[in-house]
Amino acid sequence: MDLEVSPALTIPATELGWRFSRSSGPGGQHVNTTDSRAELSWNVGDSVVLSESQRLTLLARLEPRLIGGVITVTASEQRSQLRNRDIALAKLADLVRVALAPEGPRRRPTKPTRGSKHRHLAAKQQRSATKQQRRRPSAE
């Protein structure tokens, strides 16, 4: 089952690695006997479907999540292994889609307006006056 990330990018099933294990979470005693937790791995560095620019972008943006160029996603929310497989596929697709999305426009730095400076100072004076009124009266 190939994973369609976007209309332009589809990861073939041969590049995806599955592992199943016992899951914690919902299911009661059922989880002690079945391997319902799904772990999906994809080697970004060795993928043949990525262009070189896509590979470099993914390696840079997903660097904290990569272990040896391999990204791993787990799903154990459901009792069913099949549903957890679908969830893991969706998680990986979202992760890759977001990482490959172009960056938004840069923030154009601006200076605070005269009115905002005035409001800021007025608020500071108000806080100062409130705290001064809380003090113990002087002995004079």
Side-chain angles (χ1 to χ4, degrees):
M1 183 163 83
D2 294 346
L3 176 61
E4 185 175 336
V5 176
S6 67
L9 177 63
T10 301
I11 302 171
T14 56
E15 291 189 8
L16 300 175
W18 288 100
R19 235 177 73 189
F20 303 101
S21 60
R22 293 198 177 130
S23 170
S24 62
Q29 292 179 353
H30 174 76
V31 297
N32 299 330
T33 59
T34 59
D35 292 339
S36 59
R37 179 175 177 258
E39 193 172 297
L40 176 60
S41 301
W42 179 49
N43 193 333
V44 177
D46 294 342
S47 179
V48 295
V49 295
L50 295 174
S51 67
E52 198 56 37
S53 63
Q54 288 175 327
R55 184 183 332 280
L56 293 175
T57 302
L58 283 175
L59 289 173
R61 290 189 181 170
L62 298 177
E63 195 262 332
R65 291 197 60 155
L66 294 175
I67 299 172
V70 177
I71 187 158
T72 304
V73 176
T74 60
S76 60
E77 292 89 13
Q78 301 293 324
R79 288 180 61 168
S80 164
Q81 185 188 98
L82 185 62
R83 279 187 254 158
N84 282 332
R85 286 175 66 136
D86 293 339
I87 292 170
L89 284 168
K91 281 183 179 181
L92 181 64
D94 287 342
L95 201 61
V96 173
R97 191 178 306 112
V98 168
L100 287 176
E103 288 186 16
R106 290 275 178 205
R107 180 187 170 274
R108 193 167 136 211
T110 58
K111 293 181 180 176
T113 62
R114 185 181 301 161
S116 69
K117 287 181 191 175
H118 184 272
R119 287 189 298 274
H120 176 68
L121 291 175
K124 284 173 71 84
Q125 289 171 353
Q126 178 63 40
R127 282 192 299 275
S128 173
T130 301
K131 290 186 176 194
Q132 281 178 357
Q133 289 174 355
R134 291 182 191 155
R135 289 185 187 163
R136 195 176 287 249
S138 62
E140 294 177 359

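Atoms considered below: every heavy atom in the structure, side chains included; atoms not considered: hydrogens, waters and symmetry mates.
Between atom CG of residue N43 and atom CD1 of residue I67 there is a gap of 12.0 Å, rounded to the nearest 0.5 Å.
S53 is linked by a side chain to side chain donor-acceptor pair (under 3.5 Å) to S51, counting only residues two or more places apart in sequence or in another chain. Residues that satisfy the side chain to side chain contact (heavy atoms under 4.5 Å, CB included) test with Q133, not counting sequence neighbours, are absent from this structure. Residues meeting the salt bridge (Lys or Arg N to Asp or Glu O under 4.0 Å) test with R19, sequence neighbours left out: E39. Remark: S47 pairs with E15 by the side chain to side chain donor-acceptor pair (under 3.5 Å) rule, at least two apart or across chains. Remark: R119 pairs with no residue by the salt bridge (Lys or Arg N to Asp or Glu O under 4.0 Å) rule, at least two apart or across chains.
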N/O donor to acceptor pairs below 3.5 angstrom from side-chain atoms of residues 100-115, sequence neighbours left out:
from, atom 1, to, atom 2, distance (Å)
T113, OG1, S116, N, 3.2
T113, OG1, S116, OG, 3.3

Which pairs would a plain distance check flag for residues 2-13, meaning a side-chain donor or acceptor within less than 3.5 Å of a matching protein atom at least two apart in sequence or in another chain?
from, atom 1, to, atom 2, distance (Å)
D2, OD1, A13, N, 2.8
S6, OG, A8, N, 3.4
S6, OG, L9, N, 3.3

Indicate every side-chain donor-acceptor pair of residues 82-89 with a distance under 3.5 Å to a residue at least two apart or in another chain.
from, atom 1, to, atom 2, distance (Å)
R83, NH1, Q78, OE1, 3.2
N84, OD1, E77, N, 3.3
N84, OD1, Q78, N, 3.0
N84, ND2, S36, O, 2.7
N84, ND2, Q78, O, 2.9
N84, ND2, S80, O, 3.4

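Salt bridge absent: D94 and K91 never bring a charged side-chain N and a carboxylate O closer than 4.0 Å.
Shortest non-hydrogen contact noted between R37 and T74 is NH2-CG2, 3.5 Å. For D35 against Q81, the heavy-atom pair with the smallest separation is O-NE2, 2.6 Å.
Side-chain heavy atoms closer than 4.5 Å link hydrophobic residues (I, L, V, M, F, W, Y) into clusters, and following such links, possibly through other members, connects L58 to V49. Hydrophobic clustering (ILVMFWY, side-chain heavy atoms < 4.5 Å, transitive): L56 and L50 are in distinct clusters. If you chain together hydrophobic residues whose side chains sit under 4.5 Å apart, V73 and W18 fall into the same group.
Legend: salt bridge (charged side-chain N to carboxylate O under 4.0 Å, His left out) pairs involving residues 43-55, not counting sequence neighbours, sorted by first then second residue: E52-R55. Among residue pairs with one or both ends in residues 126-136, none qualify as salt bridge (charged side-chain N to carboxylate O under 4.0 Å, His left out); sequence neighbours excluded.
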For W42 and L92, run side-chain contact (heavy atoms from CB on, under 4.5 Å): C-alpha distance rounded to whole Å, both residues' side-chain angles, the deciding distance at 0.1 Å, then the answer. CA-CA 9 Å; W42 179 49; L92 181 64; 4.1 Å; yes

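Other residues, nucleotides and ligands contribute more than 12 heavy atoms inside 6.0 Å of the CG atom of L121.
Exactly one of V44, V96, L59 qualifies for a side-chain contact (heavy atoms from CB on, under 4.5 Å) with I71. That residue is V44.
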